[in-house]
**Q** 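I have a structure here, written as structure tokens, and I will follow up with some questions on it.
Order of listing sets the numbers, starting from 1, for every ligand and every atom in it. Since we're looking at a predicted model, the values are computed, not measured.
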Amino acid sequence: MPRVTLLAGGVGGARFARGLLACIRPADVTIVGNVGDDLEHWGLSISPDLDTLLYTLTGRIHPEQGWGVAGDTREAMAVVTELGGLDWFILGDRDIGLHLVRSERLRAGEPLSAVTADFARRYGLGARLLPASDDRLRTRIVTPDGELAFQEWLVGRRAADPVRAVRFEGAPGARPAPGVLEAIRHADVIVLAPSNPFVSLDPILAVDGLREAVEARRDRVVAVTPMIGAQAVKGPLAGMLETLGHDVSAVGVASVLAALAAGFVLDDADRERGPDVRALGLRVACVATLMHDAESSAAVARAALSLV
Ligand code: FO1
């Protein structure tokens, strides 16, 4: 049974991870989650991508949103609105419970990796879930109107501002969380999840030593497309590929990741682009990449594993 390390952002990363856990023993899977999306809001330490992974992989995720908790209520948010508080970023009541505990433990000096491992254990997650770094690293979006914090750009302004550049506050200088480099060095397969390469994978790779560690294992690295045709499966990737000067397609993503990965999973609909991806020096597999249930997620995971 291969040991697999997955570098993952939000919803796409979590759905892929769910498929991986259907094919591989959970004890052989390490997931390194993006922390560039993290924010402090209402005094709470919020880690959206770690939570999306945790909730998805332990059966708690809100199925339509893809983030937050299934069946959650919004009583606290209703009070925030009633009292004139900032209500552009929504936390459900149960999600707030998790955030109260995380925030208190971080304030008391525990590292994010320890809190995350404990939440994963209590929620019954068999795989290892690691934040890329315990140090503060924040994705910042450079727009024509100036620089915005990631969630302010994505949620607050609905990703409407064109992206001129992306930068990572805190990197270089952010150290890998305990176990991250080892998980990359010792994996039989490393998967770059179908996540946005600029704002989900790059902030992981911006952690000190991480990009180099992945490049050193390139022959064992497989990436999965987050694009089908000219559309992103979810989120603002298509617009970012365009404004950052890349082909708005899976081939554009493959060219961004070609120095890191030796295999690339294309959607069946993009099968005819296979030769373009092979021309970048990548092995190619094709599968239906929309992961709407456990079986479709597992099929994508099997296609990725077939490339190593
Ligand atoms: N996405 C939204 O579109 N609106 C929200 O109000 C929102 C709140 C939120 C709270 C907790 C959480 O874990 C995720 C949340 N998300 C929200 C999703 C999040 O902004 C993105 O999915 C990720 O950061 C991108 O990977």
Side-chain angles (χ1 to χ4, degrees), residues 6-18 31-58 60-78 80-81 85-103 106 112 115-116 119-120 123 129 131-132 137-141 148-161 163 166 168 192-206 224 226 232-240 291:
L6 173 70
L7 309 193
V11 179
R15 290 192 175 156
F16 180 86
R18 181 181 60 185
I31 304 163
V32 178
N34 171 38
V35 293
D37 291 20
D38 290 13
L39 69 160
E40 289 75 36
H41 196 51
W42 306 301
L44 298 175
S45 299
I46 307 174
S47 293
D49 284 0
L50 294 179
D51 293 346
T52 297
L53 285 159
L54 182 66
Y55 290 148
T56 301
L57 299 177
T58 62
R60 290 169 168 81
I61 197 75
H62 188 296
E64 285 85 36
Q65 281 174 183
W67 51 269
V69 181
D72 211 350
T73 49
R74 293 186 176 175
E75 297 295 322
M77 284 305 308
V80 170
T81 302
L86 284 177
D87 60 1
W88 59 271
F89 194 79
I90 295 164
L91 287 185
D93 298 321
R94 294 184 68 87
D95 205 15
I96 287 174
L98 176 144
H99 285 93
L100 291 174
V101 179
R102 175 195 285 131
S103 307
L106 293 180
L112 180 60
V115 178
T116 304
F119 287 2
Y123 273 1
L129 176 59
L137 184 153
R138 294 289 181 271
T139 299
R140 309 274 307 172
I141 304 293
L148 299 167
F150 179 74
Q151 298 293 350
E152 196 186 339
W153 172 76
L154 180 74
V155 177
R157 297 166 66 111
R158 297 177 194 285
D161 308 71
V163 179
V166 179
F168 305 110
L192 308 180
S195 301
N196 185 314
F198 307 113
V199 295
S200 294
L201 299 177
D202 270 355
I204 300 176
L205 297 162
V224 181
V233 173
K234 194 174 190 303
L237 175 57
M240 294 183 82
M291 295 177 286

**Q** To the nearest 0.5 Å, tell me how far L112 CG sits from S45 OG.
**A** 8.5 Å
**Q** Does the Lys NZ or Arg CZ of R102 fall within the cation-pi geometry relative to F119 - under 6.0 Å from the ring centre and within 45° of the axis?
**A** no
**Q** Which residue and non-hydrogen atom of the protein lie closest to atom 10 (C) of ligand 1, and at what distance in Å?
**A** I90 O, 3.2 Å
**Q** Would you mind running through ligand 1 and noting each atom that sits below 4.0 Å from a heavy atom of D95?
**A** 11 (C)
**Q** Would you check whether S47 has a nitrogen or oxygen atom less than 3.5 angstrom from a nitrogen or oxygen atom of ligand 1?
**A** no
**Q** What residue and atom, counting heavy atoms only, is the protein's closest point to atom 26 (O) of ligand 1, and at what distance?
**A** D49 OD1, 2.7 Å
**Q** Can you list the ligand 1 atoms lying under 4.0 Å from a non-hydrogen atom of F89?
**A** 6 (O), 7 (C), 8 (C), 9 (C), 10 (C), 15 (C)
**Q** Which ligand 1 atoms, with their elements, are less than 4.0 angstrom from a heavy-atom of G10?
**A** 26 (O)
**Q** Write out the residue and atom name of the closest protein heavy atom to atom 13 (O) of ligand 1, then the distance separating them to 0.1 Å.
**A** P48 CA, 3.3 Å
**Q** What protein heavy atom lies closest to atom 21 (C) of ligand 1? Include the residue and the distance to one decimal.
**A** L154 CD2, 3.9 Å
**Q** Nearest protein heavy-atom contact for atom 19 (C) of ligand 1: which residue, which atom, what distance?
**A** Q151 OE1, 3.9 Å
**Q** My understanding is that only residues two or more places apart in sequence, or in another chain, count here; which of them pass ring pair (Phe, Tyr, Trp, His ring centres under 6.0 Å) with W42?
**A** none
**Q** Any side-chain heavy atom of D202 within less than 4.5 Å of one from V166?
**A** no
**Q** If the condition is salt bridge (charged side-chain N to carboxylate O under 4.0 Å, His left out), which residues does E40 pass it with, not counting sequence neighbours?
**A** R136, R138
**Q** Using a strict 4.0 Å cut-off to heavy atoms of L91, name the atoms of ligand 1 that fall inside it.
**A** 10 (C), 11 (C)
**Q** Check whether any heavy atom of V155 sits under 4.0 Å from an atom of ligand 1.
**A** yes
**Q** Does either side chain, that of D87 or that of T81, offer a donor lying less than 3.5 Å from an acceptor on the other one?
**A** yes
**Q** Name the orientation class of the two ring planes belonging to H41 and F89 (parallel below 30°, tilted from 30 to 60°, perpendicular beyond 60°).
**A** perpendicular
**Q** Considering heavy atoms of the protein only, find what lies nearest to atom 7 (C) of ligand 1 and give residue, atom and distance to 0.1 Å.
**A** W67 CH2, 3.3 Å
**Q** Counting distance only, does the side-chain N/O of Q151 pair as donor-acceptor with the main-chain N or O of D38 below 3.5 Å?
**A** no
**Q** Just need the protein heavy atom nearest to atom 23 (C) of ligand 1, so name the residue and atom and give the distance.
**A** D37 OD2, 3.3 Å
**Q** Quick one: does L98's side chain get under 4.5 Å of L54's, heavy atoms only?
**A** yes
